[in-house]
2 protein chains.
Amino acid sequence: MPPRRTPVSRRDRPAKPPLSRDGVVAVALGILREEGLERVTMRRLASELDTGPASLYVYVQNVAELHGALLDALLADFPLDASDPVDLLVDYTTLLMEYPSLARSVLTLWPSGPNYLSLIDAILGLLRAAGTPSRQAAWGVDVLLQHATASAAEHGTRRESGEAEGGWEGLRAAVRDAPNTEYPHIAAHRDELVSGAGEERLRWAFAALLRGIAATS
Amino acid sequence: MPPRRTPVSRRDRPAKPPLSRDGVVAVALGILREEGLERVTMRRLASELDTGPASLYVYVQNVAELHGALLDALLADFPLDASDPVDLLVDYTTLLMEYPSLARSVLTLWPSGPNYLSLIDAILGLLRAAGTPSRQAAWGVDVLLQHATASAAEHGTRRESGEAEGGWEGLRAAVRDAPNTEYPHIAAHRDELVSGAGEERLRWAFAALLRGIAATS
DNA sequence: ACCTGAACACCGTTCAAGT
DNA sequence: ACCTGAACACCGTTCAAGT
């Protein structure tokens with residue numbers, strides 16, 4: 001009986017490595033970084049791993065869980081040593097803004113990976129250090145992270161169907177054209193409503209949130 | 001030459017009314033209310049209107065625009081006469097919580113319909129009445145509405161694939177099991193992190209936001 | 001101008017069957 | 001246990017052709 005040989009049908013590829021959850025997430029992370037979350041589909045991922053989409057369900061329960069794993073993978077390199085909570089939150093938001101679709105997905109995901117827990121822990125530590133009462137810090141960290149995620153989903157920098165930009169332009173135009181009689185308060189704030197660079201508004205929002213959290217029992 | 005007769009091929013249906021943008025939105029609103037945004041697809045909508053999906057593109061540019069129109073339709077009956085901004089914001093969030101998928105969509109939509117502008121106008125009016133400086137009010141209304149939308153997307157009450165609930169349970173479990181040595185601050189806030197009813201936390205968050213907005217220049 | 005059938009280019013997930 | 005082909009049940013959008 002001749003020895004069993006490995007098949008050579010996939011000549012141009014390196015030997016197919018065995019699948020694993022980490023391998024699946026690593027490949028997904030590569031697609032996310034290079035092409036955005038839109039391209040991270042089960043089918044694309046499967047073909048990248050030289051298999052069929054059904055095989056992936058051994059390692060992840062569904063796409064939502066995969067997205068959670070991607071967030072945690074992204075957070076693996078995120079530095080948590082900022083001493084100002086505003087800096088930490090702006091940095092986290094900036095990271096997420098590279099992946100607005102992931103931000104959108106994460107918003108309904110309640111992530112709970114180890115690196116996300118470390119982020120929560122770091123923010124709690126900074127709030128505690130600033131003297132924020134315990135319960136306000138605990139509720140506040142939720143508000144802060146939700147604002148970061150929602151801001152990234154809203155203002156994401158990636159083009160991604162261009163829909164976000166059109167929306168912002170639409171609101172800008174609507175505010176510009178709003179009749180004074182019907183919208184007196186918009187009229188009174190017309191310029192300020194659309195003023196300010198992204199980062200300036202983001203820093204201001206986090207500062208306001210932190211102040212409110214510290215002051216409201 | 002015999003007179004042209006209307007065809008009788010669709011015997012069981014009432015005469016097909018001519019399409020219009022308002023008609024399309026009205027039918028979409030019905031499906032949204034009864035079955036949720038998931039079911040409001042171009043194909044479903046078309047079949048409800050007794051036509052093909054391609055026909056809808058005469059009246060709406062794409063699904064994003066349709067979702068914007070749905071939000072505005074939902075806001076048509078929304079009372080704007082609350083005298084406390086927290087009440088107004090909680091009411092708006094509660095409305096959106098009935099439609100978490102719409103909230104998720106709206107978050108990246110920059111809605112700009114007339115009823116949404118009225119909502120912005122009403123909030124600006126309340127901030128102005130409370131003495132908030134003009135620029136802070138203008139930037140603050142964005143933060144407040146974003147928090148409302150994001151909260152609705154996150155905590156939506158509709159079952160909708162049940163994914164949200166699993167996520168919250170997952171985070172709750174992760175917080176419960178987080179090792180003290182690795183996550184000292186989570187350990188110090190373990191109970192408060194997951195405490196409080198939804199509405200209580202929501203009211204607190206809006207109160208904190210409003211205080212921070214009023215106090216941060 | 002308004003409307004349409006048919007196609008294009010995809011999705012996530014399940015399941016029976018294989019190894 | 002792990003893996004897969006094939007199917008199920010869908011999507012949004014475009015476009016050439018009709019009225």
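Here is the naming used below: chain letters follow the sequence lines, and residue numbers restart at 1 for every chain. Predicted model only: the values in this text are computed from it and were never measured.
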**Report entry** Interatomic distance at P, C/dA9 relative to D/dC10, whole Å
**Finding:** 23 Å
Query raised in the report: Do the side chain of B/S55 and the main chain of B/T51 share a donor and acceptor less than 3.5 angstrom apart?
Result: no
Query raised in the report: Starting at the 5' end of DNA chain C and moving along, which residue's nearest nucleotide shows up first, A/R39 or A/Y57?
Result: A/R39
Query raised in the report: If you check the B/A54 side chain, which of C/dT13, D/dT14, D/dT13 turns out closest?
Result: D/dT14
Report task. State plainly whether the residues A/R201 and A/E154 are in salt-bridge range, i.e. N to O under 4.0 Å. Result -> no
Query raised in the report: For B/V90, does its backbone N or O pair with a side-chain atom of B/R203 as donor and acceptor, under 3.5 Å?
Result: no
Query raised in the report: Is there side-chain contact between A/L74 and A/N115, with at least one heavy-atom pair below 4.5 Å?
Result: no
Requested in this report: Measure from the side-chain N and O atoms of B/R176 to the backbone N and O of B/D191, and report whether any donor-acceptor pair falls under 3.5 Å.
Outcome: no
Requested in this report: For A/T41, answer base if it contacts any base atom (sugar-phosphate contacts may also be present), sugar-phosphate if it contacts only those atoms, and nothing otherwise; contact means non-hydrogen atoms under 4.0 Å.
Outcome: sugar-phosphate
Query raised in the report: Within this structure, what is the CZ-to-C1' distance between A/R43 and C/dT14, rounded to whole angstrom?
Result: 12 Å
Query raised in the report: Stepwise, does the salt bridge (charged side-chain N to carboxylate O under 4.0 Å, His left out) test hold for B/R43 with B/E48?
Result: CA-CA 9 Å; B/R43 283 156 194 272; B/E48 208 89 13; over 6 Å; no
Report summary line: Stem ranges of DNA chain C by first residue number, counting only runs of at least 3 Watson-Crick or G-U pairs under 3.5 Å, come to C:4-8 with D:12-16, C:12-16 with D:4-8
Query raised in the report: Which whole-number value in Å describes the distance from A/I31 CD1 to C/dC11 P?
Result: 11 Å
Query raised in the report: What integer distance in Å separates A/R44:CZ from C/dT13:P?
Result: 18 Å
Report task. Rounded to the nearest angstrom, tell me the gap between atom CG in B/L66 and atom P in D/dC11. Result -> 14 Å
Query raised in the report: Can we say B/R44 and B/E35 salt-bridge, meaning some charged N sits less than 4.0 Å from an Asp/Glu carboxylate O?
Result: yes
Query raised in the report: Between B/M42 (CE) and D/dT14 (C1'), how many Å, whole number?
Result: 12 Å
Report summary line: In whole angstroms, the gap separating C1' of D/dC2 from CG of A/L56 amounts to 13 Å
Query raised in the report: Rounded to whole angstroms, how far apart are CD on A/E35 and P on C/dC10?
Result: 12 Å
Requested in this report: Measure from CD on A/E65 to P on C/dG12 and round the result to the nearest Å.
Outcome: 15 Å
